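Keep in mind the model is a prediction, meaning the values are calculated, not measured. Labels below follow one simple rule: chain letters A, B, ... track the order of the sequence lines, proteins then strands, and each chain is numbered from 1.
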Number of protein chains: 2
Amino acid sequence: MTSPVILRLRHHGKLGDGAADALLSCRKRNRLVEPGQCLMRQAEEMNALFWIESGWAMRHRNLANGRRQILNLLLPGDICDLQGLIHTRADHSVTAMTPVMLCEVDAGRFLDLLHNDGQLAASLLWSVVQEEGILREHIVRIGRRSARIRLAHLLLELVRRQALGGGPSDGLIEIALTREVMADCLGLTPVHISRTLSELRRDGLVTLEPQGRLRISDIDALARHADYDTRYLHLARPDHVLDRAGGAQA
Amino acid sequence: MTSPVILRLRHHGKLGDGAADALLSCRKRNRLVEPGQCLMRQAEEMNALFWIESGWAMRHRNLANGRRQILNLLLPGDICDLQGLIHTRADHSVTAMTPVMLCEVDAGRFLDLLHNDGQLAASLLWSVVQEEGILREHIVRIGRRSARIRLAHLLLELVRRQALGGGPSDGLIEIALTREVMADCLGLTPVHISRTLSELRRDGLVTLEPQGRLRISDIDALARHADYDTRYLHLARPDHVLDRAGGAQA
DNA sequence: CGCAGACTTGAAAATACTCAATAAATGTGG
DNA sequence: CCACATTTATTGAGTATTTTCAAGTCTGCG
């Protein structure tokens, strides 16, 4: 069984077994983090370089007034943080949402690899580009879309991204998300998420499964409904959920 | 007179004259872009690698429903786009807001440099980290802050960033921003920006100067008022506008 | 069974939006 | 330098969306 990191990087394009093995050979040790525990704390020195083997985590900022904004969710196969390579302080925290198995990387060996394997370096650069794309999409979502569309977009993104790391691709979100988590992602309140989700359920777009997990009933239908386009994920195979020529914009 | 790129990168830390000259030696040619013209178009192949010598531009997405979200503003000294190094399609557009002088870079020579000059590579990586920090801060701003604080934050960031590239650092924003631009940055309407800005002016925090330019009357006062902390810019010298120990969060 | 945490629902309030009319500012040509 | 056209900004009134507060319900788990 291969690591979700490799699965994810293969969505960029060709990544030979040699490059994959080389990357895996940088592993230093695994570490298990319990839900609610920090993988990285705001204002702390960043040193560790790691990826997520299993479990979900979140990047977030806590504000002086007690509010919280979730910047991004981290799924199996996501790398956190290439930025750790330069000496700087974290401007946000990362907290486990489920039990998270981390794979810590030996920075020295990793840097050697970057130098010597151009294909691998390109794939890792791609993962940075994808992460930036995800951040930008999040800005658009929060800045210019209604609560209903925001929520639909978030769910669609999560379903897509979990598939990239080897998770389910049938519309089921593999972990239970609380209303509060969705609210803090989307800049809304849990109460309003509750109402909005009820609407989506009423309209048959989303269903609630055992253990509080959500399922998108028909991914294509919801994507069409919500003007969702996966181009920002920069996947190699052009399998946009929606592949309308030209899409939305000027 | 040195390029704003060099000025900006020096805010990361030591950058010797040798490294600076090496970077400048990658210049291929300059190109002038008129206001309203695109430097890069959504869904187009990215090939060019360039930085901004003078003038302001914006990264933005145009939505199917005619709305626009500005993702980030580009100021003199900003690099656009290191991501161009990998073969992918832009997920957003970049448009000039003023006459913009671009400096196009020879990608081959640039990559050589990255390989051979570790100090320069670190500085460029820093600029990527800073850009990501700016995107994240923008998410927090839009997601969890009131219109008034959002606007104050945006102005504070712009004043700070223009100083990094050699622009004024006295609170005057060097170009006139329309209400519509500010609105599209912050996920608000121009009308509401107008009202909010009037409030800030009424309270003596901001003044309107000739040619529609804005000035922050007292940067520290506004920063305190708006819970603004520059840590996310990852500047080497810890000259946070606010240097309260520990700051806001857990 | 019963508790704790998460969810739902209602009503009232706050925030931001829309539409529309007026006022400044900017640029153009005579 | 002035009149005019054009764009941008301000202001008011009414509306829509989202929040807040609070009470009640569901669910999973020991």
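- Running 5' to 3' along DNA chain C, contacts with non-hydrogen atoms of chain B at under 4.0 Å begin and end at C/dA16 to C/dT26.
- Between A/Arg148 and A/Gln211, the one whose closest nucleotide on DNA chain D sits nearer the 5' end is A/Arg148.
- Rounded to the nearest 0.5 Å, atoms CG (B/Leu135) and CD (A/Glu132) are 6.0 Å apart.
- Within residues 190-203 of chain A, the residues having any heavy atom under 4.0 Å from DNA chain C are, by residue number, A/Val191, A/Ser194, A/Arg195, A/Ser198, A/Arg201.
- Atom pair A/Leu186:CG and D/dT19:C1' shows a separation of 15 Å (rounding to whole Å applied).
- Taking side-chain N and O atoms only, B/Arg179 has no distance below 4.0 Å to OP1 or OP2 of D/dT8.
- The distance between atom CG of A/Leu214 and atom C1' of D/dT27, rounded to the nearest whole Å, is 15 Å.
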Candidate pair B/Asp91 and A/His234, rule side-chain hydrogen bond (donor to acceptor under 3.5 Å, both in side chains), full reasoning: CA-CA 8 Å; B/Asp91 57 18; A/His234 297 283; 3.2 Å; yes

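- In terms of the side-chain contact (heavy atoms from CB on, under 4.5 Å) criterion, residue partners of A/Arg89 (sequence neighbours excluded) are, by chain and number, A/Glu45.
- Classification of B/Glu199 and B/Arg195 as a salt-bridged pair fails, no side-chain N sitting under 4.0 Å from a carboxylate O.
- Looking at A/Asp78 and A/Arg161, a side-chain N of the basic residue comes within less than 4.0 Å of a carboxylate O on the acidic one, giving a salt bridge.
- Rounded to an integer number of Å, the gap from B/Glu180 CD to D/dT10 C1' is 15 Å.
- Partner B/Arg144 forms a side chain to side chain donor-acceptor pair (under 3.5 Å) with one of A/Asn62, A/Asp184, A/Asn65 and no other, that one being A/Asp184.
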Could you give me the CA-CA distance, side-chain angles and deciding distance for B/Leu235 and B/Gln130, then say whether side chain to side chain contact (heavy atoms under 4.5 Å, CB included) is met? CA-CA 9 Å; B/Leu235 303 172; B/Gln130 186 185 66; 3.9 Å; yes

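- With hydrogens and angles disregarded, no donor-acceptor distance shorter than 3.5 Å links the side chain of B/Arg61 to the backbone of B/Gln69.
- Going from atom CD1 of A/Ile142 over to atom C1' of D/dT17 covers 17 Å, rounded to whole Å.
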